[in-house]
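Structure, as structure tokens:
FYI, the numbering just counts along the sequence from 1. Predicted model only: the values in this text are computed from it and were never measured. Side-chain atoms are counted along with the backbone in the values below, which use heavy atoms only and exclude waters and symmetry mates.
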Amino acid sequence: MRGAKVKINTPDEIAMSRAAGKLAAAVLDMITPHVKPGVSTEELDKLCHDYIVDELKAIPANIGYHGFPKTICASVNHVVCHGIPSPAKILKKGDIVNIDVAVIKDGWFGDTSRMYFAGEPSPQARRLVNTTYEAMRAGIMQVRPGATLGDVGHAIQSIAHRDGFSVVREYCGHGIGKIYHDEPQVLHYGKRGEGLRLEEGMIFTIEPMINAGKRGVKELQDGWTVVTQDHSLSAQWEHMVVVTADGFEVLTPWPDGTGSYEAIA
């Protein structure tokens with residue numbers, strides 16, 4: 001991180017980022033009732049694509065990004081991230097699914113993801129999903145001027161390890177704005193007081209991937225799909241945040257609030 005130039009956004013730039021983030025969150029809200037047993041991830045992808053283009057008048061950011069073919073990443077059960085939607089992948093009762101979406105609006109990127117249950121999950125699956133949300137929330141709650149990215153990572157790993165889960169280290173959060181993946185890299189593990197010191201106007205994602213088993217992952221031959229090496233379940237949540245004068249603002253809030261999940265404030 002030494003020497004990495006992290007953009008400090010102006011109020012007008014933050015407003016643009018906020019607008020893009022709001023649209024990305026709207027996609028995840030729209031798709032919620034469609035995530036159920038018997039639906040293919042391809043169907044979910046088409047619904048998201050058409051909503052982004054036709055309703056939000058925005059651009060699906062993932063299509064063609066380094067060759068990625070689809071609008072969303074749909075990562076089911078032991079898929080950690082970057083699952084490619086497919087007509088052959090039919091959701092089954094009890095599946096857990098991460099849907100990760102990014103949009104471009106007026107040149108600004110909005111990027112967010114959340115977990116869904118297709119039918120009633122197993123107790124372990126529900127616990128993993130809930131703990132991963134709690135870990136993301138704990139990381140976000142560390143964000144304020146003068147705090148460090150090590151504070152964020154430490155808060156996340158502390159929650160995951162408390163419940164016997166492991167933190168994926170190969171993938172991390174990132175700066176975002178007019179560039180999709182920018183500095184800084186936001187690790188989901190770390191030591192308090194270490195790493196980049198946060199300043200008002202920085203915008204980045206916090207998106208921990210937590211495994212029920214060991215932290216090892218592997219990429220499949222398609223060059224995208226990442227799975228747990230031990231085939232254990234994996235969960236992920238993602239929000240965009242901006243560092244404010246006295247803390248943080250979530251730029252990808254859910255339109256109807258956090259429901260049964262604890263609010264982030």
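Side chain of Tyr116 to main chain of Pro33: no donor-acceptor pair is present (N/O by atom type, distance under 3.5 Å, no hydrogens or angles). Proximity of a side-chain donor or acceptor of Glu194 to a complementary backbone N or O of Gly150 within less than 3.5 Å is not detected. At least one donor-acceptor pair under 3.5 Å links the side chain of His239 to the backbone N or O of Thr252. Judged by distance alone, the side chain of Asn62 and the main-chain N or O of Ile72 form no donor-acceptor pair under 3.5 Å. The main-chain N or O of Glu238 is found under 3.5 Å from a side-chain atom of Thr112 such that the two form a donor-acceptor pair. With hydrogens and angles disregarded, no donor-acceptor distance shorter than 3.5 Å links the side chain of Lys93 to the backbone of Pro121. For the pair Asp230 (side chain) and Ser232 (backbone), a donor-acceptor distance under 3.5 Å is present. Within the 3.5 Å criterion, the main-chain N or O of Ser166 finds no donor-acceptor partner in the side chain of Arg215. Not one N or O on the side chain of Ser40 forms a donor-acceptor pair closer than 3.5 Å with the backbone of Ala88. Under a 3.5 Å cut-off, the side chain of Gln236 and the backbone N or O of Met115 do not form any donor-acceptor pair.
Seen from the ring of Phe248, Arg144 does not count as a face-on cation partner, given the 6.0 Å and 45° thresholds.
With sequence neighbours excluded, no residue forms a ring-ring contact (aromatic ring centres under 6.0 Å, His included) with Phe204.
Looking only at side-chain heavy atoms (C-beta outward), Val6 and Leu196 come within less than 4.5 Å of each other. The side-chain heavy atoms of Val186 and Pro184, taken from C-beta on, include a pair separated by under 4.5 Å. Between Phe117 and Val129, some side-chain heavy-atom pair lies under the 4.5 Å cut-off. Using a 4.5 Å heavy-atom threshold, the side chains of Thr10 and Ile14 count as separate. A 4.5 Å side-chain heavy-atom check between Ile8 and Glu199 finds at least one atom pair inside the cut-off. In this structure, Ile84 and Pro69 have side chains that are in contact, with non-hydrogen atoms separated by less than 4.5 Å. Here the side chains of Thr148 and Arg192 are not in contact, with every heavy-atom distance at 4.5 Å or above. Side-chain contact between Leu198 and Pro145: absent, with no pair of heavy atoms (C-beta onward) separated by less than 4.5 Å.
Note on Glu13 versus Lys178: no salt bridge recorded, every NZ/NE/NH1/NH2 to OD/OE distance being 4.0 Å or above. Note on Arg162 versus Glu134: salt bridge recorded, some NZ/NE/NH1/NH2 to OD/OE distance being below 4.0 Å. One finds a salt bridge joining Arg137 and Glu262 here, because a Lys/Arg side-chain nitrogen approaches an Asp/Glu carboxylate oxygen to under 4.0 Å.
Between Tyr261 and Trp237, the ring centre distance stays below 6.0 Å.
Counting only residues at least two apart or on different chains, no ring pair (Phe, Tyr, Trp, His ring centres under 6.0 Å) pair has a member in residues 140-166. Legend: ring pair (Phe, Tyr, Trp, His ring centres under 6.0 Å) pairs involving residues 22-58, not counting sequence neighbours: none detected. Pairs engaging residues 111-126 under the salt bridge (charged side-chain N to carboxylate O under 4.0 Å, His left out) rule: Glu120-Arg126 [sequence neighbours left out]. Listed by first and then second residue, the side chain to side chain donor-acceptor pair (under 3.5 Å) pairs that reach into residues 74-83 are Asn77-Asp95, sequence neighbours excluded.
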From CA spacing to verdict: side-chain hydrogen bond (donor to acceptor under 3.5 Å, both in side chains), His174, Glu207 = CA-CA 9 Å; His174 52 89; Glu207 49 182 300; 3.3 Å; yes
request  = Would you check, one step at a time, whether the test side-chain contact (heavy atoms from CB on, under 4.5 Å) holds for Asp106 with Met16?
outcome  = CA-CA 8 Å; Asp106 298 325; Met16 298 296 286; 3.6 Å; yes
Let me see the working for His181 and Tyr65 under ring pair (Phe, Tyr, Trp, His ring centres under 6.0 Å), right down to the final yes or no. CA-CA 11 Å; His181 293 93; Tyr65 184 73; 5.4 Å; yes
What side-chain donor-acceptor pairs closer than 3.5 Å can you find for residues 17-29, not counting sequence neighbours?
from, atom 1, to, atom 2, distance (Å)
Arg18, NE, Glu249, OE2, 2.8
Arg18, NH2, Glu249, OE1, 3.0

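The aromatic rings of Phe68 and Trp224 sit perpendicular to each other, their planes meeting at more than 60°, with 30° as the lower class boundary.
In summary, the side chains of Asn211 and Ser234 do present a donor paired with an acceptor at a separation below 3.5 Å, with no hydrogens or angles considered. In the model, Asn98 has a side-chain atom that pairs as donor or acceptor with a side-chain atom of Ser113 under 3.5 Å. Remark: the Ser122 side chain and the Gln124 side chain contain no N/O donor-acceptor pair separated by less than 3.5 Å.
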